[in-house]
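Predicted, not measured: the structure shown is a model, and the values here were computed from it.
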Amino acid sequence: AVKQEGGALQYASLELRANKDVVRAAVRQDGCTLLFASEGLQGDREVALDAVRQDGLALQIASPELRADYDIVLAAIKTNGCAWRYAMGDVQQDQGLLVLAARSANNEDLWMLGPETQALFHRKDIRGAKYSAIATRGEEAPILSVKL
């Protein structure tokens with residue numbers, strides 16, 4: 001059932017909610033059904049990756065450790081730039097991820113990111129910037145090194 005309708009996971013038994021194969025099938029249909037997975041699977045890297053690839057906002061449901069994982073956050077932001085809001089730790093300060101979030105967020109969704117980030121995202125030079133180092137960890141984006 002979850003292969004066709006991921007939301008069916010909410011009605012599944014606790015045993016099925018703890019079954020990695022069942023949960024992965026569900027989150028591939030609807031990333032936010034990660035909410036109904038067992039706590040252990042909410043912290044499973046493969047399950048979280050499947051969830052955020054389907055819906056970037058599923059990042060808010062993943063465990064705090066995974067919300068601080070660069071690759072998980074990158075996958076979430078590629079799906080929905082507003083997922084950046086749910087990143088934790090050092091990855092939330094990563095300039096490459098910030099630029100990617102700015103470029104992929106819909107203008108009408110920027111309110112989700114908070115006022116300081118909105119001001120940054122609305123700067124024309126950032127939203128229109130050509131940026132080729134997005135997937136490279138630790139590389140600084142010169143456009144963001146300027147203090148606002």
Side-chain angles (χ1 to χ4, degrees), residues 1-122 126-127 129 131-141 143-145 148:
V2 296
K3 285 184 179 181
Q4 295 175 341
E5 175 56 52
L9 186 63
Q10 68 182 310
Y11 304 109
S13 68
L14 294 177
E15 182 180 327
L16 288 176
R17 292 178 187 205
N19 181 301
K20 187 172 181 174
D21 293 330
V22 170
V23 172
R24 286 186 79 186
V27 299
R28 286 178 184 148
Q29 289 296 312
D30 179 351
C32 288
T33 60
L34 182 61
L35 179 64
F36 304 110
S38 68
E39 188 176 325
L41 288 179
Q42 288 177 358
D44 182 277
R45 194 168 196 284
E46 289 177 317
V47 171
L49 212 66
D50 286 339
V52 300
R53 284 178 176 154
Q54 198 285 321
D55 184 343
L57 296 180
L59 182 63
Q60 66 187 306
I61 303 164
S63 71
E65 296 80 20
L66 293 177
R67 291 171 62 186
D69 180 290
Y70 180 91
D71 296 321
I72 300 285
V73 174
L74 175 63
I77 289 171
K78 283 182 176 179
T79 307
N80 185 326
C82 292
W84 176 85
R85 179 178 189 193
Y86 303 108
M88 298 180 79
D90 291 341
V91 297
Q92 196 174 41
Q93 305 306 315
D94 185 282
Q95 294 180 1
L97 291 177
L98 187 59
V99 169
L100 179 59
R103 295 184 72 206
S104 64
N106 295 324
N107 284 332
E108 63 271 10
D109 292 334
L110 289 177
W111 65 270
M112 295 178 65
L113 298 170
E116 291 176 6
T117 306
Q118 289 173 24
L120 179 67
F121 285 0
H122 283 296
I126 292 174
R127 289 202 54 95
Y131 185 73
S132 60
I134 286 171
T136 306
R137 295 182 203 195
E139 188 165 326
E140 202 168 286
I143 193 84
L144 290 176
S145 63
L148 296 178

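- Residues meeting the side chain to side chain contact (heavy atoms under 4.5 Å, CB included) test with T79, sequence neighbours left out: none.
- Under the 4.5 Å side-chain criterion, counting only non-hydrogen atoms from C-beta, L9 is in contact with R17.
- Atom CG of L100 is separated from atom CG of D94 by 10.0 Å, given to the nearest 0.5 angstrom.
- Here the CZ-CG distance, from F36 to L16, works out to 14.5 Å after rounding to the nearest 0.5 Å.
- R24 meets the side-chain hydrogen bond (donor to acceptor under 3.5 Å, both in side chains) test with D50; sequence neighbours excluded.
- Here the closest non-hydrogen pair linking A83 and G56 is CB-O, 3.3 Å.
- The side-chain hydrogen bond (donor to acceptor under 3.5 Å, both in side chains) test applied to S38 returns no partner, not counting sequence neighbours.
- Counting heavy atoms from C-beta outward, R45 and D71 have side chains that approach closer than 4.5 Å.
- Separating the CG atom in D30 from the CZ atom in R28 is a distance of 14.0 Å, to the nearest 0.5 Å.
- Remark: E46 engages K20 in a side-chain hydrogen bond (donor to acceptor under 3.5 Å, both in side chains) (not counting sequence neighbours).
- Scanning all heavy atoms of the two residues, the minimum distance from A58 to V52 falls at C-CG1, 4.1 Å.
- The shortest heavy-atom contact between R53 and A75 is CG-CB, 4.2 Å.
- Q92 pairs by the side chain to side chain contact (heavy atoms under 4.5 Å, CB included) definition with W84, A87, not counting sequence neighbours.
- In this structure, L35 and C32 have side chains that are not in contact, with every pair of non-hydrogen atoms separated by 4.5 Å or more.
- Here I72 contributes atom CD1 and M88 contributes atom CE; the two are 14.5 Å apart, rounded to the nearest 0.5 Å.
- Distance alone, capped at 3.5 Å, is enough to place a donor-acceptor pair between the Q60 side chain and the L57 backbone.
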Original post:
Which is it for L97 and Y70 under the side chain to side chain contact (heavy atoms under 4.5 Å, CB included) test, yes or no, and what are the steps along the way?
Top reply: CA-CA 9 Å; L97 291 177; Y70 180 91; 3.8 Å; yes
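- With sequence neighbours excluded, the residues forming a side chain to side chain contact (heavy atoms under 4.5 Å, CB included) with Q42 are L34, A37, I61, listed by chain and number.
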